[in-house]
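Here is the structure we will look at, set down as structure tokens.
Chain identifiers are assigned alphabetically (A, B, ...) following the order of the sequence lines, protein sequences preceding nucleic acid strands; residue numbering begins at 1 within each chain. Only a predicted model underlies this, so the values are computations on that prediction, with no experimental measurement involved.
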Number of protein chains: 2
Amino acid sequence: MVTIYDIANKANVSAMTVSRVINNTGRVSDKTRAKVKKVMQELNYVPNQMARSLVLQQSKTLFLLITDITNPFYTTLSRGAEDAARKHGYNLLFGNSDENLSKESEYINTILSTRVDGVLLAPAGDPSAAHLERLLERNVPFVLIDREVPGIQSDIVQGDSKEASKKLMEHLLSYGHRNIALVNGSSSISSARDRLQGYNEMLKLHDLSANERYIFETSFGPFKDQSGLMAWLDQLHPFPTAFLAGNNVLAMELLHALRSRGLQVPEDVSVVCFDDFGMYSDLDPFITVAAQQAYQFGYLGMQLLIERITDREEAGPQKKIILPAEIIVRRSVKKLA
Amino acid sequence: MVTIYDIANKANVSAMTVSRVINNTGRVSDKTRAKVKKVMQELNYVPNQMARSLVLQQSKTLFLLITDITNPFYTTLSRGAEDAARKHGYNLLFGNSDENLSKESEYINTILSTRVDGVLLAPAGDPSAAHLERLLERNVPFVLIDREVPGIQSDIVQGDSKEASKKLMEHLLSYGHRNIALVNGSSSISSARDRLQGYNEMLKLHDLSANERYIFETSFGPFKDQSGLMAWLDQLHPFPTAFLAGNNVLAMELLHALRSRGLQVPEDVSVVCFDDFGMYSDLDPFITVAAQQAYQFGYLGMQLLIERITDREEAGPQKKIILPAEIIVRRSVKKLA
DNA sequence: ATGAAATGCGTTATCGATAACATTAAACTA
DNA sequence: TAGTTTAATGTTATCGATAACGCATTTCAT
């Protein structure tokens with residue numbers, strides 16, 4: 001592979017001069033510059049980023065650690081992250097934690113050893129605090145997305161989960177629903193807690209008693225089997241007229257389970273959920289959703305991260321961006337008499 | 001950041017000895033080994049992968065270049081790729097070309113400068129040959145996925161597009177359809193050509209004349225607007241009773257367009273397509289598809305790539321893996337009288 | 001015309017690791 | 001016991017770039 005020295009030799013200058021030409025730093029006469037550039041062209045020279053990183057102490061690489069790229073929320077988010085990263089000349093490493101703490105921990109290892117300049121991550125849950133501490137210890141900038149972690153100060157891009165949850169409930173309530181069940185992610189995840197809180201608050205506001213049985217706490221996905229969900233559905237009485245799902249993966253699982261019980265949406269049961277379905281949004285049954293600005297989560301998160309990295313010195317106060325969700329009413333909710 | 005020298009100093013040994021302990025190479029007495037390990041623990045040492053890469057001339061990083069992670073085929077594929085890469089201790093950089101040659105070219109630049117050990121890529125089309133040549137020149141191993149590029153020899157994981165196309169056609173024909181239209185990706189893409197070929201061959205086999213008007217060639221996505229598609233639909237007469245879509249993005253676009261014309265699937269028109277819909281597969285209208293083994297595309301592709309990298313010396317002949325698609329009959333096709 | 005400032009370029013050290021060779025000390029052999 | 005292995009560790013060079021400093025030449029001002 002051709003190096004800066006090969007260029008230097010062939011152009012009869014020092015490596016330093018070549019470096020100056022490449023980076024447009026220091027002083028180089030026009031004649032020398034032209035000569036060096038010509039040789040670089042001839043030899044098809046491409047600078048070695050690894051060597052650069054080593055001496056500059058920055059890799060120009062960021063890490064995107066999400067839970068599951070297969071979840072459309074994260075798929076779209078990753079596009080936002082990629083676009084923002086590229087715009088600022090950063091490369092992007094990525095990994096899926098599958099909401100799994102030990103997998104997350106492994107990725108923290110590779111993050112530390114690869115010396116990336118920063119990390120954008122959706123933590124698996126509250127216990128992720130230990131992982132984040134490791135980043136803090138070593139001064140690796142990071143920005144959280146979607147989920148807070150108690151005890152950890154950092155920049156963060158969040159959805160207004162509680163508010164959106166209330167709006168979805170409001171929608172269901174206004175359509176006459178009173179028996180509303182919640183299928184939610186793990187309560188060790190802040191956004192799941194917020195969604196639960198919104199759910200509870202709206203029940204209380206409408207003087208409805210909270211039925212413990214109506215709440216099913218599981219994982220935000222991905223799913224292996226439906227037995228847990230089915231068992232939960234079996235013990236529901238009276239059977240809810242409506243369901244609120246904590247994200248779209250849960251909504252799809254729920255839909256599947258309901259269908260296998262012979263229930264149609266919206267004729268027999270109503271369903272609403274968090275997160276839109278991307279290009280599938282207009283497939284039946286046109287689920288009513290709280291559409292989060294997935295792309296913006298990624299784009300803005302990346303921007304915060306890059307700002308942190310760039311202004312490392314005058315590190316301002318932690319920033320928190322809260323993105324509201326948009327309630328998109330489709331036809332998965334039936335109006336009750 | 002703590003380096004190998006900090007460890008060496010504190011443990012009263014040379015950096016080389018520390019390196020030996022880290023990599024389990026050479027000879028180190030048990031006593032020294034224990035001492036070094038203890039110090040590494042105390043100082044929370046994590047080796048600098050960049051420094052390693054520079055001297056070892058390998059980055060332990062691969063690049064996954066796809067066209068659009070938002071397309072469920074590539075989403076799933078990327079999981080396969082990630083899993084295989086991790087299994088062998090490789091990190092994964094990634095990028096989306098959006099089927100755009102100049103974006104692809106930019107990514108080739110970063111691929112070359114980051115000195116990744118290899119690349120798994122879905123080329124934007126036949127003109128990608130120029131980009132691949134650049135990789136060949138510099139001896140960067142790569143494996144193609146989904147699409148061949150004329151003039152380029154390489155390992156590849158492909159779907160059996162022609163065969164799957166024929167099967168989908170067979171399905172439509174057996175249901176009585178005779179006026180079948182094709183919405184396809186760019187003919188500069190080998191898989192699009194194969195799909196077209198399967199389509200044509202089946203028409204011929206059934207003595208049906210190929211109607212030029214029935215073929216719409218566009219991009220595999222992502223889409224900005226539907227005007228082209230709508231205009232094409234407008235000029236179709238007789239209006240087809242069935243459509244074959246070259247991938248699922250096109251199917252969704254088509255569905256959308258048909259709906260805005262007031263047509264229901266399958267009551268008014270039938271639709272089949274390539275690629276399954278992941279977790280959305282059982283949303284109405286339950287499209288009949290040729291499901292490709294997306295995960296395997298990624299997983300096997302990565303494996304081929306890693307083999308190439310590992311056995312660089314005794315580089316065997318190019319390998320070609322062809323994965324059959326599975327036709328999953330749902331209910332988007334109407335049986336004609 | 002002469003000292004000061006500016007220009008153009010080179011030298012050396014460095015980033016953090018590992019390979020290859022060198023050296024010392026211990027263990028073994030005859 | 002002297003000589004030879006072998007085990008354990010250290011030294012030096014290197015990967016490919018850039019920073020910091022140094023040294024000639026020009027150019028400029030007075």
Side-chain angles (χ1 to χ4, degrees), chain A residues 1-37 39-40 43-61 89 91 110 112-117 138-140, chain B residues 1-37 39-40 43-61 89 109-110 112-117 138-140:
Chain A
M1 186 106 348
V2 25
T3 76
I4 205 170
Y5 294 99
D6 300 325
I7 308 294
N9 278 332
K10 193 154 180 194
N12 262 311
V13 296
S14 74
M16 200 52 223
T17 299
V18 179
S19 173
R20 291 198 183 94
V21 171
I22 296 171
N23 298 294
N24 249 306
T25 56
R27 309 179 176 287
V28 184
S29 74
D30 290 351
K31 208 170 73 184
T32 324
R33 181 182 308 277
K35 188 173 51 174
V36 169
K37 282 196 168 167
V39 176
M40 290 201 300
L43 299 192
N44 245 313
Y45 171 73
V46 178
N48 185 325
Q49 180 60 39
M50 294 182 327
R52 244 184 204 163
S53 302
L54 190 58
V55 57
L56 295 181
Q57 298 284 56
Q58 53 154 339
S59 60
K60 274 288 169 183
T61 300
N91 301 318
T110 79
L112 293 177
S113 75
T114 51
R115 302 291 198 270
V116 293
D117 297 338
R138 291 204 182 54
N139 232 5
V140 181
Chain B
M1 187 103 352
V2 25
T3 75
I4 204 169
Y5 294 99
D6 300 326
I7 308 294
N9 278 332
K10 193 153 179 197
N12 262 310
V13 296
S14 74
M16 200 52 223
T17 299
V18 179
S19 174
R20 291 196 183 97
V21 171
I22 297 171
N23 298 294
N24 249 307
T25 57
R27 306 177 178 287
V28 184
S29 73
D30 291 352
K31 207 169 75 185
T32 325
R33 181 182 309 276
K35 187 172 54 177
V36 169
K37 281 196 166 166
V39 175
M40 292 200 299
L43 299 192
N44 245 314
Y45 171 73
V46 178
N48 184 324
Q49 181 59 40
M50 294 182 326
R52 243 183 205 165
S53 302
L54 190 58
V55 55
L56 294 181
Q57 298 284 56
Q58 55 155 336
S59 59
K60 273 287 169 184
T61 300
N109 291 340
T110 79
L112 293 177
S113 76
T114 51
R115 301 292 197 270
V116 292
D117 297 337
R138 291 203 182 55
N139 232 5
V140 180

Rounded to the nearest angstrom, tell me the gap between atom [atom1] in [X] and atom [atom2] in [N].
X: B:I7; N: C:dA17; atom1: CD1; atom2: P; answer: 9 Å
X: B:K35; N: D:dT9; atom1: NZ; atom2: P; answer: 8 Å
X: B:R33; N: D:dT9; atom1: CZ; atom2: P; answer: 9 Å
X: A:Q49; N: C:dC15; atom1: CD; atom2: C1'; answer: 14 Å

Counting side-chain heavy atoms from CB outward, which of [options] is closest to [X]?
X: A:R20; options: C:dG16, D:dG16, D:dA20; result: D:dA20
X: B:Y5; options: D:dT18, C:dA17, D:dT9; result: C:dA17
X: A:V13; options: D:dG10, C:dG10, D:dG16; result: C:dG10
X: B:Q57; options: D:dT18, C:dA17, D:dC15; result: D:dC15
X: B:L54; options: D:dA17, D:dC15, D:dA8; result: D:dC15
X: A:V28; options: C:dC9, D:dT18, D:dA8; result: C:dC9
X: B:M16; options: D:dG16, C:dT11, D:dT11; result: D:dT11

* **Comparing A:S14 and B:V18 on DNA chain C - which has the more 5′ nearest nucleotide** => A:S14
* Pairwise distance OG(B:S53) to CZ(B:R115) - rounded to 0.5 angstrom -> 12.0 Å
